[in-house]
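In what follows, a structure is listed as structure tokens, so that the remarks can point back to it.
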Amino acid sequence: MAQIVIKDVRKEFGSFTAVQSSTFTVEDGEFFMLLGPSGCGKTTTLRMIAGLELPTSGEIYIGGEEVGQKPASQRDIAFVFQMFALYPHMNVRKNISYPLVSQGMPKAEVRRKVDEVANILGIENIMDRPVSGLSGGDRQRVALGRAIVREPKAFLMDEPLGALDAEFREHMAEELRALHDRMGATTIYVTHDQLEAMQMGDKIVVMNHGVVEQFGKPQDIYDWPATQFVANFIGSPPMNFLDFHGMVGTGSNHVILSEAEIAIPSLLAGANGDLSLGVRPEHLHLSDSAPYRGEIIATEYLGTTQIVTFRTANGDIKARIPSGAQAQVGEITGLTFDARTLSVFDKSTGRALLSDANTEVLGDG
Ligand code: ATP
């Protein structure tokens, strides 16, 4: 298994730039998510790592070796295109054996390796069955088996669960993650589903319009989004933005919103102009006496919690509060914020202002 390093990688198709100067590192054994909306450059990035596209510039290291301009066949990584790509006329054993047989590996060794893979995947009982009659889940296990058996340096997966219905998708996601934990294989996984990325990934790269917006652990990205794009893309409902115009200086530990003073983590650098206070729905609380006010314009019951929408002088915002808490549409109430969890964004750049609470996470940005 291997570490994968992407350094200043850029990809142009004619005059169109699909990926702009991307840099990130996938550590050996990590389950790594490439996340972003449709067209942001995830698949192109993955194809460059696989060697199916060559970068216009930049370097790609797999296990310490620079492979950026090498063809796929010299990279020793398995691209799990989509899990149903099997040979339908062959049985399960032949499907899984195929990559080893085509390398000319001796029969006994093929048998031993394939049995080992069958054991890892728990599919010993279907090895003699034709793949055409298998359930969707078993087909996916077989397709994975065919990728695993080669013992590649890394696995690349492009929306492998995309075609599945929600329930089955969740089940296969758990199975994939458990398999990864047993094998410890470096895996890069493309998805546009932020929840899937948060649940499965050790680390996430968030991309937008060919640009890496942020790279880090799911919790760090959730707590300290580096940009408004990330704040809005991750979380459901996403982070709220309270827009205001003004100046916050270096060392500021509060902002003024509609004449109310709201405590924030101390800022390491200030900004002047159109700004936005970012607050996650679960960090917003109702408090009758608080000076910052909002009118409840909607409530949505979700079982243990409810989502309450407030209209404020700085925009509509949503709070996630216990479903037992009183919240009536039309009521005007005070709102308080968990100071240590707030972000301030400069709207002209879309970037978060660095504060003492988030330096470790956003320090490089
Ligand atoms: P999706 O989830 O929709 O697949 P993605 O994030 O994986 O999106 P890419 O497939 O990497 O995005 O595409 C990024 C951009 O590059 C898109 O605008 C796409 O149209 C463009 N693109 C991809 N491949 C080519 C190509 N061979 N020639 C020209 N443009 C391309």
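Every number for a ligand or one of its atoms is a count from 1 in the order of the listing. The basis for the numbers below is simple: all heavy atoms, side chains too, and nothing from hydrogens, waters or symmetry mates. All values reported here derive from a predicted model rather than from experimental measurement.
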Q.
So if I only count non-hydrogen atoms and take anything under 4.0 Å from ligand 1, which residues does that give, chain by chain?
A. Phe13, Phe16, Ala18, Pro37, Ser38, Gly39, Cys40, Gly41, Lys42, Thr43, Thr44
Q: Consider only side-chain N and O atoms of Tyr292 and Glu259, and report whether a donor and an acceptor are under 3.5 Å apart.
A: no
Q) For residues Thr43 and Asp158, is any side-chain donor paired with an opposing acceptor at under 3.5 Å? A) yes
Q) In the hydrophobic clustering (ILVMFWY, side-chain contacts below 4.5 Å, transitive), which residues join Tyr61, or is it alone? A) Val5
Q | Parallel, tilted or perpendicular: rings of Phe241 and Phe345 (30°, 60°) | A | perpendicular
Q) Just checking, is any N or O donor in the side chain of Thr227 or Glu213 under 3.5 Å from an acceptor N or O on the other one? A) yes
(Q) Other residues, nucleotides and ligands only: do more than 12 of their heavy atoms fall within 6.0 Å of CD on Glu170? (A) no
